[in-house]
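Keep in mind it's a predicted model, so treat the numbers as computed, not measured.
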Amino acid sequence: MSDMITADLVDLDLSADTKEAAARALAERMVALGRVTDLEGFLADVAAREAQMPTGLDGGIGIPHCRSEHVTEPTLAFGRSAAGIDFGAPDGPADLIFLIAAPAGADDAHLTILSSLARQLMNTEFTDALRSAGSARDAAALIRGDEAPAEGATEDSVAASAAASADAATAETSPEAPDAPEAPFRIVAVTSCPTGIAHTYMAAESLENAGREAGVELVVETQGSAGFERLDAAVIAAADGVIFAHDVPVREKDRFAGKPTVDVGVKAGINRPAELITEVRGKAARGEVTAGAAGGGTPVERAGESGDSYGTKLRKWLMTGVSYMVPFVAAGGLLLALGFAIGGWQIASAPSVMKHFSWTEIDSWGALLFQIGQVAFGFLIPVLAGYIAYGMADRPGLVPGFVGGMIASNIAAGFLGGLVAGLLAGAVVLSIQRIKIPPVLRGIMPVVVIPLISSLVVGFLMFVVIGKPIAEAQKGMTDWLNGLSGANAVLLGVLLGLMMCFDLGGPVNKVAYAFATAGIAVQAPSDSAMKVMAAVMAAGMVPPLGMALATTVRKKLFTETERENGKAAWVLGASFISEGAIPFAAADPLRVIPASMAGGAVTGALSMAFGATLRAPHGGIFVVPLIGSPFLYLIAIAAGVCVTTALVVVLKSMRKPVAGTAPTAAPAAQAEAKQPVAA
């Protein structure tokens, strides 16, 4: 670590009183040595990392850190504060502050060195020595590991100690030993954090220390930035319990399926390792098994965490199913629409292309597209139900969820049936997992017992108990939708437009989109359902297009960053990606969101009033040829865009200028907008 920290990077009298000031003071030392090329850019990266999770630890330690393109080489700066600085630790301010700067492409060797420092911070002798260091040179030497061994630790004494340990080990395993000691409790653990530099390894060290004190065998797999070495399969198989201390998905999580598991954030692994060990031992004693731990790489792995309210959990579970259903809707809907566009509406009654297909007949190609779209649409309800159950119970929920969803589809229970089937499947699996089972059965639980019992229960309930009432409710909703006309249809368009523009791709937006797609997710959707779909897509295009137009006609009201985002918003809006307006809403929500909602309401109302229809659930302007009354449809979108643009320009013109510029879009929001999801 000699090249990472020097005396010039140590401040034993750090006078900063906030974590931002502390990071700046230490970062300035890095800039002075040429280790950081852009101070403000680097501090922005540090702040972004801090926003993910506070970096304060128990014991008076703060470890702000990040990977940044503004760092030339891995660097560590250390500061000691007499008054203490709040880094968000539960036990109060930190007096030892380590600023860790890693290049965006840091090599494994340097990251390994930084991870060793993180482990040292769990050693009280190390931190006490830093608190008593008399000079910057001494502190740097201590951090680098240059200090001489403690007095009395001569080579002879070390050798003697090693020999004694070897003799003791031999004695314990000697065949002459009268009684073999009872096998210790075995735990495997995985630690990981967003940056993979500090918390990952500190949690590992803390768990290992607590394991030694508790007399258990505890082995940790650290999934850090320098990669990870997988635990041996035999070690995992022999383990009695598992601890996940992580803030990013555990890689290859299915390796640990079928064992008692404690799943917490990485800070819990650092701050309360003994409690976690006690908890996993208790689960093992009660036979509580977390079956099917797979899915760590999915975006919904942590859906429904224990700290969430029931309402929050329910929303996450439902949005899980919708998010997996949307690609099927988009692919199937577009294929059906293309089939109709090529072969006309009569293509729905064409014979199977397996029986008749001609390479030279345009109708055959239309029938092919239509029938592929039909197959894709057939998965909608099963996928919705299966992934709602997955969001609740992870992989064991998939089988009963898909079974319940297919039953809902077969009995015409539709979208509502899929929702209920998914929730039922997840609840049944969670109930089964709470039952205490003998250890001999744990291995077959996730692959045999849980799928069998849960599918049987869900199938019985859907076929015999609740399926028919749900089907009647679905039919009633469809009849109501078909009966909408005149003022009622316009009011529905206003409501859907407001919902689509309220949170720009968030839960409210998704509810409106799911309502629309559910109506067309049948082979022969009604005219009213296709009007709803048209209104929803038109309204969802308004916010990004409105912001793009505003940045074009009144550039001075927007920052340079916002004007650049405006260029991208043209394409995103035209493609029906509402998230293109997020950077603007994040920077100025009180003006952008009301303006967007007003424009969306106008567009939704006009689309319904014009009677525009849409069979495709996505595509923006690229599916205009598939829209009924396309010219009027484009007029509705243009009207909403103009309303949004005019309102946001007026509202921004009325505000008091701050230092002559508009506020800059939040970096986090800009990053989110670079990864849009459909509508």
Side-chain angles (χ1 to χ4, degrees), residues 1-56 61-81 83-88 93-107 110-111 113-114 117-118 136 139-140 143 193-199 225 559-562 564-565 583 586-587 658-671 674:
M1 198 180 292
S2 59
D3 60 339
M4 289 194 187
I5 184 167
T6 65
D8 294 328
L9 293 167
V10 175
D11 186 352
L12 296 183
D13 299 303
L14 188 62
S15 59
D17 55 359
T18 66
K19 60 183 180 181
E20 292 81 9
R24 179 175 292 275
L26 295 176
E28 286 173 348
R29 291 175 175 264
M30 296 180 179
V31 173
L33 294 180
R35 306 290 187 94
V36 170
T37 57
D38 182 344
L39 177 62
E40 298 302 328
F42 171 66
L43 290 175
D45 291 336
V46 173
R49 170 62 186 88
E50 193 76 24
Q52 295 179 17
M53 180 180 67
T55 54
I61 298 171
I63 51 166
H65 59 280
C66 72
R67 298 169 69 107
S68 173
E69 62 182 8
H70 306 297
V71 177
T72 60
E73 58 183 293
T75 302
L76 172 66
F78 169 65
R80 195 170 65 189
S81 170
I85 301 171
D86 184 12
F87 274 86
D95 62 326
L96 302 180
I97 295 89
F98 299 84
L99 178 62
I100 303 175
D107 60 83
H110 282 119
L111 292 174
I113 293 173
L114 289 174
L117 167 68
I143 295 172
C193 65
T195 306
I197 295 175
H199 290 81
S225 291
T559 65
E560 181 62 32
T561 300
E562 287 174 324
E564 288 299 316
N565 287 332
V658 180
T661 61
T664 302
Q670 296 174 27
K674 293 178 181 177

**Student:** Measure the spacing between CG of Leu26 and CD1 of Ile100 and express it to the nearest 0.5 Å.
**Tutor:** 11.5 Å
**Student:** Would you say that Phe78 contacts Ile5 through its side chain, given a criterion of any heavy-atom pair below 4.5 Å between the two side chains?
**Tutor:** yes
**Student:** Do Pro64 and Phe87 come close enough that some side-chain heavy atom pair is under 4.5 Å?
**Tutor:** yes
**Student:** Check whether any side-chain heavy atom of Val46 sits under 4.5 Å from a side-chain heavy atom of His65, and report yes or no.
**Tutor:** no
**Student:** Quick one: CG on Leu43 to CD on Glu28, what's the gap to the nearest 0.5 Å?
**Tutor:** 8.0 Å
**Student:** Is there side-chain contact between Leu9 and Leu76, with heavy atoms separated by less than 4.5 Å?
**Tutor:** no
**Student:** Taking all heavy atoms of Met4 and all of Pro74, pick out the closest pair and write down the distance.
**Tutor:** CG-O, 3.6 Å
**Student:** Tell me, do Pro103 and Thr72 make a side-chain contact under 4.5 Å, heavy atoms counted?
**Tutor:** no
**Student:** I'd like to know if the side chain of Thr75 and the backbone of Ala101 have a donor-acceptor N/O pair within less than 3.5 Å.
**Tutor:** no
**Student:** Locate the shortest heavy-atom distance separating Ala7 from Ala136; write the atom from each residue and the value.
**Tutor:** O-CB, 3.7 Å
**Student:** With side chains defined as the heavy atoms from C-beta onward, is the minimum distance between Val71 and Arg35 less than 4.5 Å?
**Tutor:** no
**Student:** Can you name the closest pair of heavy atoms from Gly41 and His70 and give their distance?
**Tutor:** C-CD2, 3.3 Å
**Student:** Can you tell me how far the CD atom of Glu562 sits from the CD atom of Glu564, to the nearest 0.5 Å?
**Tutor:** 11.5 Å
**Student:** Hey, does Ile61 have a side-chain heavy atom less than 4.5 Å from the side chain of Ile63?
**Tutor:** yes
**Student:** Where is the tightest heavy-atom contact between Pro54 and Gly88, given as atom of each residue plus distance?
**Tutor:** CB-CA, 4.1 Å
**Student:** Among Val36, Asp38, Asp45, whose side chain to side chain contact (heavy atoms under 4.5 Å, CB included) with Ser68 holds?
**Tutor:** Asp45
**Student:** Looking only at heavy atoms, which two atoms of Leu14 and Ala25 are closest? And how far apart?
**Tutor:** CD1-CB, 3.9 Å
**Student:** Less than 4.5 Å apart, any side-chain heavy atom of Leu39 and any of Arg24?
**Tutor:** yes
**Student:** Kindly give the heavy-atom pair with the smallest separation between Ile97 and Ser81, and that separation in Å.
**Tutor:** CD1-CB, 4.2 Å
**Student:** Looking at Arg80 and Asp11, is any side-chain nitrogen of the basic one under 4.0 Å from a carboxylate oxygen of the acidic one?
**Tutor:** no
